[in-house]
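Report on one structure; see the data block that follows.
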Amino acid sequence: MSPRVTTILFALLLVPCAAAAEDRGSAKSQVEFGIQVAQSGLWREALYRWERAVDLDPSYAPAWNNLAVAYEQAGQFDDARKAYETAIKLDPKNMLIRQNYDLFKEINDRTQKRRGAR
Amino acid sequence: MTAPRNVAALASVVLLCAAAGCTSFYEIPIETPVQPKMDTSPFSRVFVAGFISGGTDDVDANLETVRLLRSQLRSKSTMRVIEAEVLPLADLARDHVKASPAANGSGPSVPTQLDPPPAQDPAAPVPGLPVEAEGAIRTEKDLERYQAIFADEAFWKKIGEEHQSPLIVTGTVLFTNTQSSGFVNSNREVIDPLGRRVVQPYRVYMERKGFIIEPRFIFIDGRTGAVLYSDRFHEEILYPAQQNTPALSSYFELMDRLLPSFLGSLSTQRIRGTRVLLR
């Protein structure tokens, strides 16, 4: 194999990596902006930003965690549960995500019990 | 001296970092909305009609519960609270049982053209209803005899019509005395061998007395008379036997515990908490 072909193949291999890094970078900036607006109480905007972040990089656990929190704040419990579960699947050792999920489950279970009591 | 402190601080940072997977995090307060247990949107008015109450005679649980719920709904609900006379529901339920022996347990209670008129003398003892039950309601079993009134849609529809079809709140309230004895955990302050005050847990045998409240709240559609939702609660409180606590203050203490759940049936409750946002 000529050196030129090797270079082209190597460059082609790097393209997806570079794209992924770019996606993570964009997702990170969406996550950071989301945190800023959530801290100002603008939860809808935060939710939108974190939805965009997980669209850009579906493997970014913190974005799924934050999205779950925003869903919880909006009372969308089913979406929150799915988002937390995705975050845990992506980063099973992250104790902070687990802590959020446990707190969420406590409220969600209570709500489910209420529905069951109807 | 500062070295161990620095080590400890560093260790805690390392631990926190390990727990967080070395991600930046921000603690943020959130308010999770918990949806009401029933849809109250068709109603602009609420009528706390009255309760079949029983148990101790120290508290008129019907009157007190109506007063308390009306005042809570006035301040914590968007519906207009109807200020009408409290229904003597226990008496009405008693008449209801007498008027429809078939309803002494189940079955339709409103006479229809197909039903034969009640043949018995209303003053005569009701079959299946013990004579002593004519007076006081002391237990859950006594209350059960009168449950049929809540299924009487015609009765509640009529009450609804009198008050412009509100959401009707009714039910049963049993407020009873209780006594218990046994070992309980307690704390005492002692001086340890080094002369320091320390709190030590210990177990002590105690005679205790108190109260139990068992309300069942029933929400009825004033337009149709149909039951929309019902919820049961059980709360109890015990005091040392020598402590003399008025029944009414215990009643309010117990009701205070279950009021959030009652209000949660009618309106969205927001649960405050904190979550961690990650970067």
Side-chain angles (χ1 to χ4, degrees), chain A residues 27-41 43 46 49-50 53 60-77 80 84 87 90-118, chain B residues 12-40 167 171 215-221 226-234 257-279:
Chain A
K28 261 195 163 180
S29 57
Q30 293 293 336
V31 162
E32 277 170 24
F33 189 73
I35 291 171
Q36 276 179 36
V37 291
Q39 284 172 329
S40 313
W43 281 97
R49 294 292 166 179
W50 295 327
Y60 189 23
W64 283 105
N65 169 77
N66 297 357
L67 183 59
V69 174
Y71 280 140
E72 228 190 307
Q73 166 80 19
Q76 294 172 238
F77 294 126
Y84 275 130
L90 291 167
D91 190 356
K93 287 181 184 166
N94 193 315
M95 296 307 288
L96 293 173
I97 300 177
R98 283 198 177 272
Q99 181 192 310
N100 275 348
Y101 185 50
D102 288 343
L103 291 169
F104 158 74
K105 270 206 302 189
E106 203 184 305
I107 293 175
N108 193 41
D109 290 352
R110 215 185 302 168
T111 314
Q112 295 299 326
K113 257 187 218 165
R114 283 172 156 211
R115 283 179 191 154
R118 272 184 212 195
Chain B
S12 62
V13 168
V14 168
L15 271 174
L16 203 61
C17 197
C22 280
T23 11
S24 316
F25 63 91
Y26 305 87
E27 205 169 35
I28 192 159
I30 68 161
E31 284 191 356
T32 311
V34 176
Q35 292 305 307
K37 296 173 212 169
M38 50 181 287
D39 178 20
T40 57
L167 171 70
R216 181 182 172 216
F217 299 120
I218 300 174
F219 300 89
I220 292 174
D221 187 336
V227 172
L228 294 172
Y229 177 77
S230 80
D231 218 347
R232 275 176 192 277
F233 298 92
H234 177 108
R257 294 185 194 169
L258 51 90
L259 276 171
S261 296
F262 167 79
L263 293 167
S265 310
L266 303 169
S267 55
T268 301
Q269 300 287 296
R270 298 195 83 89
I271 299 174
R272 286 187 187 155
T274 53
R275 297 289 183 273
V276 174
L277 297 177
L278 303 174
R279 186 177 259 175

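Note on naming: letters A, B, ... go to the chains in the order of the sequence lines (proteins, then strands), and numbering restarts at 1 for each one. Given the structure is predicted, the values throughout are model-derived calculations rather than measurements.
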Query - ring pair (Phe, Tyr, Trp, His ring centres under 6.0 Å) partners for F233(B), two or more places apart - result: F217(B)
Query raised in the report: If you take all heavy atoms of P33(B) and A74(A), which pair is closest and at what distance?
Result: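 P33(B) and A74(A) have their closest heavy atoms at CG-C, 4.0 Å.
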Query raised in the report: Of the non-hydrogen atoms in R279(B) and V31(A), which two are nearest, and what is the gap between them?
Result: CA-CG1, 4.1 Å
Report task. Please check if the side chain of N100(A) supplies one atom and the backbone of V276(B) the other of a donor-acceptor pair under 3.5 Å. Result ->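 Here the side-chain-to-backbone pair exists.
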Query raised in the report: Could you give the distance from CD (E32(A)) to OH (Y26(B)), rounded to the nearest 0.5 Å?
Result: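 If we round to the nearest 0.5 Å, E32(A):CD and Y26(B):OH are 6.5 Å apart.
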Requested in this report: Any chance you could measure I30(B), atom CD1, to W43(A), atom CH2, to the nearest 0.5 Å?
Outcome: 6.0 Å
**Report entry** Under 4.5 Å from a heavy atom of chain B, the part of N66(A) involved
**Finding:**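 Its backbone and side chain both get close to chain B.
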Report task. Please look at T274(B) and chain A and tell me whether the side chain, the backbone, both or neither of the residue comes under 4.5 angstrom of a heavy atom of that chain. Result -> backbone
Check: [Y] and [X] side chains under 4.5 Å, non-hydrogen atoms:
{"X": "T32(B)", "Y": "F77(A)", "value": "yes"}
{"X": "L278(B)", "Y": "N94(A)", "value": "yes"}
{"X": "L277(B)", "Y": "W50(A)", "value": "yes"}

**Report entry** Sequence-distant partners of E31(B), salt bridge (Lys or Arg N to Asp or Glu O under 4.0 Å), two or more places apart
**Finding:**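 With sequence neighbours excluded, E31(B) shows a salt bridge (Lys or Arg N to Asp or Glu O under 4.0 Å) to R270(B), R272(B), given in chain and number order.
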